[in-house]
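Encoded as structure tokens, the structure appears first; notes follow it.
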Amino acid sequence: MSGIQSVLQETRVFNPSAEVQQAAAISGMASYKALCAQADADYSGFWGNLAREKLLWHKPFTEVLDESNAPFYRWFADGQLNASYNCLDANLINGNGDKTAIVFEADDGSVTNVSFRQLHERVCKLANGLKAQGIKKGDRVLIYIPMSVEGVVAMQACARIGATHSVVFGGFSAKSVQERVIDAGAVAIITADEQVRGGKTLPIKAIVDEAISMGGCEALKTVIVYRRTGNPINMQAGRDIWLHEVEGPQSAQCEPEWVDAEHPLFILYTSGSTGKPKGVQHSTGGYLLWAKTTMQWTFDAKPNDLFWCTADIGWITGHTYVCYGPTAAGITQLVFEGVPTYPNAGRFWQMIEKHKVTLFYTAPTAIRSLIKASETDPNVHPNKSDLSSLRILGSVGEPINPEAWMWYHKHVGGERCPIVDTFWQTETGGHMITPLPGATPLVPGSCTLPLPGIMAAIVDETGNDLPNGQGGVLVVKRPWPSMIRTIWGDPERFKKSYYPAELGGKLYLAGDGAIRDKDTGYFTIMGRIDDVLNVSGHRMGTMEIESALVAKSDLVAEAAVVGRPDDLTGEAIVAFVVLKRPRPTGDEARALAKELRDWVAKEIGPIAKPKDIRFGDNLPKTRSGKIMRRLLRAIAKGEAITQDVSTLENPAILEQLAENN
Ligand code: PRX
């Protein structure tokens, strides 16, 4: 049975226990429905009240939603606030100053606690230091740094002075860094000397040097380097400066820069269906409102909780549920430098026991790989750790298959903890469709129902509503505060990608297929409808990988990339390649496949390496020259070709492409 079939036939239902329900802020389905009804009855009243209740405004807004230039929606536009003030000063005002904001566990297991007051001091010092470096409101600052307190401090310091940050995941290559510096017009990079993961040190600063040496980074003036390991690195005089020297002389007080609610808090690059990543631009007010609200709704976060989101700050999950959500909600969180498999694959469970984590949020890929590890080594099974502190579990980034869900429920959650399967995207800023732990009956593999205020629906290709039980295109019918504002520097692409004319121009197109259950109306996500793959919860564009492959122009004539279902990583990347030399076989083919994999790692990053590379004399094309991706997907899965291939120019090459290297 295919993954989606098994989800659609799932009949198990898990109701919240009376205990969980009683303790929850949104308790029972009636409370959930009441909130939805409020949003239905008075949409702007609903959001306006939330924004006044949840955030501290320097200047109150008078208008909630401005739709005059749709789809460039503006929320709370004449209000002013500061994100870092709401995440840090707000906690000092509330008497949380001495409360631990971050419990940081390094790769080697050493632990550092940072209180809200200390975090505030660090952020103010760096914010003053950034200003002393000439960085000001509206400037873009690229952050390329490992998981660390410093990473959070860097993001918050940018927010404090109104600089727009753009965090690039540490696994991306020098070329990816260079492209993002250029596209964002970044004036500074905040980075580290090295990163430490799984007992190994890896260069970071050297990658930044390489990126800058590729040229085109004219706006870039300053590189600020956090000394993580202290090993010797190159520091270029006049450009590079240590983070501790930037912070050192500065005052621990910094008046926040009050910005308009629509001021761009950050740009985060993500993959789309063209070769060029999109700079997703988020606002300050609407984004922060949802980061805080979803912490409280989806995770039911309470003052005594210890929250642990395992995502890197280089992804949207790390933005919303590491940097901004927990701090804005005044919740203590664990930040982890390392990897789940070092020193052994029981690390997550051991850390949950050690720190008494109550709310745990991770990705299905991590769960699946830890299931596998615990099958071969019983010592790393979660039952070797005391996980009784856990209250609520979360899943994010890709569909969770029912088997993984059940294992997570049984072995991690002790059949006690609700699992919130949160569907959302870089573009949505925060959760969209997710159970509420104290309300929603859970069905493994379904992200259940939209949060109050989120008008998710399923439509056909022309934008007409579809009845429950019929699969279609996932859309959101009304704008919401934390939504993407535009694609940095490319408003036309924003419109075309997210508000396409084919759907009438008024529906937000998520890019996923979905279906609602006939009886419950529960949503199940069926996967992307565009050329975007989801590999280990990481979003990759097939065109991006194809462009990287053909950029090796001495070797590659043509390439087509498709996804194939994978038990561990969700999807795996399969590349079909035509070389500028006769089709290789045997050892030569294997050596060339390795060369191409390494090339893609250098061009984009190791996460984009194709798992499987097949060589052919040509690609399957129609007589008009169009690549038949449908066929390539079938070949990648190892399926027999049953489709009609009569329109194919060159049917013989199908056999070549089916051969494994
Ligand atoms: O296809 C959906 C999948 O991940 C895509 C968004 O990827 P990204 O922008 O990198 O954000 C990931 C973290 C929010 C979506 O279009 N996706 C995300 N969460 C789920 C999911 N698919 C199924 N179930 C989910 N819970």
Side-chain angles (χ1 to χ4, degrees), residues 3-4 7-8 167-169 171-172 266-273 277-280 282 287 290-291 294 298 309-322 325 361-368 393-402 404-405 408 419-435 440 442-451 454 456 473-476 482-484 487 497-498 508-515 522-542 544 563 565 569-571 607-608:
I4 186 72
V7 174
L8 295 178
V167 187
V168 178
F169 173 60
F172 277 114
F266 64 87
I267 304 164
L268 182 58
Y269 286 86
T270 190
S271 296
S273 42
K278 310 186 261 204
V280 173
H282 276 288
Y287 170 80
W290 207 223
T294 50
T298 311
C309 167
T310 66
D312 193 284
I313 52 167
W315 307 111
I316 189 68
T317 310
H319 279 61
T320 309
Y321 300 106
V322 177
Y361 192 34
T362 197
T365 292
I367 299 165
R368 287 192 296 265
L393 304 176
S395 171
V396 58
E398 49 180 321
I400 178 163
N401 46 311
W405 195 102
Y408 197 28
I419 298 179
V420 289
D421 175 0
T422 59
F423 168 83
W424 59 297
Q425 310 176 295
T426 304
E427 293 88 341
T428 69
H431 301 152
M432 298 295 280
I433 310 180
T434 174
T440 320
L442 307 172
V443 173
S446 167
C447 51
T448 75
L449 296 168
L451 285 169
I454 301 299
V473 172
L474 178 64
V475 295
V476 187
S482 68
M483 66 187 294
I484 174 175
I487 292 174
S497 309
Y498 302 108
Y508 168 83
L509 177 68
D512 283 286
I515 186 166
Y522 277 15
F523 286 76
T524 292
I525 305 299
M526 306 200 295
R528 301 286 308 191
I529 51 169
D530 51 12
D531 296 318
V532 170
L533 305 181
N534 193 325
V535 183
S536 301
H538 296 152
R539 204 163 137 177
M540 296 298 331
T542 52
E544 248 175 291
T569 56
E571 273 186 297
I607 50 174

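Hydrogens, waters and symmetry mates play no part in the numbers below; they use all other heavy atoms, side chains included. Numbers for residues simply follow the sequence, beginning at 1. Counting convention: from 1, in listed order, for ligands and their atoms alike. Predicted, not measured: the structure shown is a model, and the values here were computed from it.
- Residues passing the salt bridge (charged side-chain N to carboxylate O under 4.0 Å, His left out) test with Glu427 are Arg539, sequence neighbours excluded.
- In terms of the side chain to side chain donor-acceptor pair (under 3.5 Å) criterion, residue partners of Thr422 (sequence neighbours excluded) are, by chain and number, Tyr361.
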Between the protein and ligand 1, are there any N or O atom pairs that come within less than 3.5 Å of each other, and if so, what are their names and distances?
| unit_1 | atom_1 | unit_2 | atom_2 | d |
| --- | --- | --- | --- | --- |
| ligand 1 | 1 (O) | Asp512 | OD1 | 2.6 |
| ligand 1 | 1 (O) | Asp512 | OD2 | 3.4 |
| ligand 1 | 4 (O) | Gly397 | O | 3.2 |
| ligand 1 | 4 (O) | Asn534 | ND2 | 3.4 |
| ligand 1 | 9 (O) | Thr426 | N | 2.8 |
| ligand 1 | 9 (O) | Thr426 | OG1 | 2.6 |
| ligand 1 | 9 (O) | Arg539 | NH1 | 2.7 |
| ligand 1 | 16 (O) | Gln425 | NE2 | 2.9 |
| ligand 1 | 16 (O) | Asp512 | OD2 | 2.4 |
| ligand 1 | 16 (O) | Arg528 | NH1 | 2.8 |
| ligand 1 | 17 (N) | Gly397 | O | 3.4 |
| ligand 1 | 19 (N) | Gly397 | N | 3.2 |
| ligand 1 | 24 (N) | Glu398 | O | 3.4 |
| ligand 1 | 26 (N) | Asp421 | OD1 | 2.8 |
| ligand 1 | 26 (N) | Thr422 | O | 2.8 |

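- A donor-acceptor pair is defined here as one N or O able to donate and one able to accept, closer than 3.5 Å; such a pair exists between the side chain of His282 and the backbone of Thr426.
- Ring centroids of Phe172 and Tyr269 are separated by 6.0 Å or more, keeping the two rings apart.
- A centroid separation of less than 6.0 Å is found between the aromatic rings of Tyr321 and His431.
- Residues forming a salt bridge (charged side-chain N to carboxylate O under 4.0 Å, His left out) with Glu571 (at least two apart in sequence, or on another chain): none.
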